[in-house]
Amino acid sequence: MSNLKAWNDLAAHAEEMRDADMRDLFAQDPERFTDFSLSMGPVFLDYSKNPVTRETMDRLFRLAREAGVPERMEAMFSGERINVTEGRSVLHVALRDFSGRSVYVDGEDVLPDVRAVYERMRDFCDRVRSGERRGHTGKPVTDVVNIGIGGSDLGPRMATRALEHLDPRGPRAHFVANVDPMDLERTLRQLDPERTLFIVSSKSFTTQETMANARAARQWLLERLGDESAVAAHFVAVSTNTKRVREFGIDTENMFRFWDWVGGRFSLWSSIGLSIALAVGTDNFEELLRGAHLVDEHFRTAPLEKNIPAIMGLLGVWQVNFRGAECQAILPYSQALEWLPSYLQQAEMESNGKRATLEGGLVGCHTSPVIWGAAGTNGQHAFFQLLHQGTRRIPCDFIGFARSSDFLPEQHTLLLANFFAQTEALLQGRSLQEARQELLEQGEDEAEADRLAPHKVHPGNRPSSSILLRELSPYCLGALIALYEHKIFTQGAIWNINSFDQWGVELGKQLAKRVLPELEGDRTEGSHDPSTLGLIEVWRAMGESDDK
Ligand code: G6Q
């Protein structure tokens, strides 16, 4: 992409913009907020607090066109195998397609199969939730445990935590991911085996952590219910791998399928979302899909100039490649979205943390920034210090819901006051003179004001985007997640990388398999680097010693 004309034009423009101050840009242009904001359905994006001008945006739109973003988007929606390293289509959008169109993979419409699985899922969830489908001893299900990791954990976990307040009568959802036995132990400790349903969620059904936790959970259940036939009532599987599910001992009657064209980190819309549907109900789950579909249609049809996810992607490219940003903060002003930063960390960094181009060359520019964040207002009392006064300028996404719930609505207003005030403070900052004046007004003498004022300077001119959604509903949440999915898509297309494979994750899976037999045995092979070899030896010694 650095050989594209638009890329070089942007580089030249970035030089001109190097010292641009957003406060001046606002002062010069009374229409700035109107021109640099967009609304679509329940979504509103304000990107006016980014260091861009009309010219910047025009050049970014040209870059998107030269890089072929619209064509790539069409290739995705039409089922082409755009995941070229795994030879797969990328069709999570098909899972939430309510348009009535067909979606073809190898000449076959996939939607009838999608609907059939979805109907089975609906029927199953409705029967569990109504108490019709019970446990082995006849008791209704009160607790659901999703055992999965990565994409088979973070999506369902994030969405369930965001929405579970909608149906307090639904079963409680628990999530076990880590192979650290503490994760499973802490969860099982709270559960009654007669009332617990385990969902083993794994696309491959070979993932070490998930299989270990699933085996241990089955053992726990058998020890308590004492009957092999209890497994059928208490275990279901979500996977693409029927053979492995059968080998594990789960009847495929109790299996919910999905397809290789659904990437792990994009799979919450598939039967991987079973825990969401069980916790909040199938109508709410469908609303989640509908919200995402709204954004899919927008992404596919809106011109780039009005296309919210495309603009989010382009702003990121501007920040990373032309303004030197190394990370991106995700700041949901919603406790319900506390898992969103972790979820987006995977979605963005696993998708676009790549250095090989589609053709196998080196990408030649930075790709995904480091994604991190936490729910506001908690973050304000922790790392916001660095956002305001640190040496780096970190682009921030502020996310909030306009409407409050019925519980303490005035406190919701307080939450949003913080949201808006933070974006303003990042923009406006506080000058040395202002800081000094304030100190004098507080009664400090001149010398003390001079001494303290530099510590109170906030440089301001720090970038943020604000996403305001109408309310914390499944529909709005679905829309929000899809916005980020398509932002990621846009950036991957511009960087000319494959956003849909994850070879870096695969390596970890292989390496652990190699080390395990050595730890289980009593000999360490010489085939490690000296540090790894040393660590294994120290581990053995520590384990065997009686020292405190
Ligand atoms: C996601 C990744 C990865 C994956 C996990 C779990 O896109 O591929 O996070 O979801 O490694 O894999 P399984 O679902 O196959 O257990």
Side-chain angles (χ1 to χ4, degrees), residues 76 82-93 95 117 145-159 175-180 183-184 198-217 235-248 250 255-276 339 341-354 367-368 371 481-482 484-489 491-492 497-513:
M76 172 175 72
I82 61 166
N83 176 354
V84 289
T85 59
E86 297 180 304
R88 292 173 180 168
S89 306
V90 174
L91 278 177
H92 46 280
V93 289
L95 301 168
V117 173
V145 184
N146 185 78
I147 300 179
I149 196 164
S152 300
D153 167 68
L154 281 166
R157 189 194 290 254
M158 178 274 292
F175 294 86
V176 174
N178 203 323
V179 76
D180 181 348
D183 199 8
L184 184 64
F198 292 95
I199 307 171
V200 186
S201 295
S202 175
K203 183 174 171 181
S204 59
F205 233 73
T206 57
T207 303
Q208 201 185 44
E209 293 92 328
T210 301
M211 292 302 112
N213 279 326
R215 277 193 300 272
F235 272 80
V236 297
V238 178
S239 187
T240 57
N241 193 339
T242 313
K243 184 167 165 276
R244 290 282 188 159
V245 169
R246 207 176 287 127
E247 282 166 10
F248 181 84
I250 295 180
M255 168 182 172
F256 297 87
R257 284 183 307 125
F258 65 113
W259 304 270
D260 72 354
W261 41 260
V262 181
R265 55 195 171 276
F266 302 97
S267 64
L268 72 89
W269 321 100
S270 71
S271 39
I272 288 285
L274 195 66
S275 50
I276 311 171
W339 278 92
S342 305
Y343 171 77
L344 290 179
Q345 208 163 49
Q346 175 182 28
E348 298 215 14
M349 291 165 72
E350 196 168 288
S351 299
N352 286 340
K354 311 268 164 78
T367 55
S368 173
I371 305 290
I481 303 166
Y484 277 96
E485 286 180 346
H486 296 320
K487 169 204 167 179
I488 292 165
F489 180 90
Q491 295 187 333
I497 56 179
N498 181 3
S499 303
F500 302 104
D501 60 12
Q502 53 282 316
W503 300 106
V505 175
E506 304 302 330
L507 177 68
K509 293 187 180 182
Q510 287 166 15
L511 293 184
K513 280 194 197 131

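Every number for a ligand or one of its atoms is a count from 1 in the order of the listing. All residue numbers in this chain count up from 1 along the given sequence.
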> Take the angle between the ring planes of F266 and F500 and call it parallel below 30°, perpendicular above 60°, tilted in between.
tilted

> Starting from atom 9 (O) of ligand 1, what is the nearest protein heavy atom, named by residue and atom, and what distance separates them?
Q346 NE2, 2.8 Å

> Taking all non-hydrogen atoms of both residues into account, name the closest pair between V238 and L274 and its distance.
CG2-CD2, 4.2 Å

> Specify the protein heavy atom at minimum distance from atom 15 (O) of ligand 1: its residue, its atom name, and the distance to 0.1 Å.
S204 OG, 2.6 Å

> Under 3.5 Å between some N or O of ligand 1 and some N or O of G151?
yes

> Which residue supplies the protein heavy atom nearest to atom 11 (O) of ligand 1, what is that atom called, and how far is it?
K509 NZ, 3.0 Å

> So, do Y343 and L268 sit near enough that their side-chain heavy atoms are less than 4.5 Å apart?
yes

> Identify the closest protein heavy atom to atom 12 (O) of ligand 1: which residue and atom is it, and at what distance?
T207 OG1, 3.5 Å

> For atom 7 (O) of ligand 1, grab the closest protein heavy atom and report residue, atom and distance to one decimal in Å.
R265 NH1, 2.7 Å

> Over all heavy atoms of both residues, which pair between M255 and T240 is shortest? Give the atoms and the distance, please.
CE-C, 4.5 Å

> In plain terms, say whether D501 and K354 are close enough for a salt bridge, that is, a side-chain N and a carboxylate O under 4.0 Å apart.
yes

> Just one of S271, S201, S239, S270 clears the side-chain contact (heavy atoms from CB on, under 4.5 Å) bar with F256, so which one?
S271

> Identify which of T240, I149, I272 has a heavy atom lying nearest to atom 5 (C) of ligand 1.
I149

> May I ask you to decide if the ring planes of F248 and F205 are parallel, tilted or perpendicular, using 30° and 60° as cut-offs?
perpendicular

> Heavy-atom distances under 4.0 Å are what count here, so tell me which part of K203 touches ligand 1: side chain, backbone, both or neither.
both

> Do H92 and S267 have side chains that get closer than 4.5 Å, going by heavy atoms?
no

> Does R157 make a cation-pi contact with W339, if we ask for NZ or CZ under 6.0 Å from the ring centre and within 45° of the axis?
yes

> With heavy atoms of S152 as the reference, note each atom of ligand 1 found under 4.0 Å away.
10 (O), 13 (P), 14 (O)

> Output the list of atoms in ligand 1 that are nearer than 4.0 Å to some heavy atom of G264, sorted by atom number.
1 (C), 7 (O), 10 (O)

> Closest non-hydrogen protein atom to atom 2 (C) of ligand 1, residue and atom name please, with distance?
E350 OE2, 2.7 Å

> Which ligand 1 atoms, with their elements, are less than 4.0 angstrom from a heavy-atom of S202?
13 (P), 14 (O), 15 (O), 16 (O)

> Please list, in number order, the atoms of ligand 1 under 4.0 Å from a heavy atom of Q502.
7 (O), 8 (O)

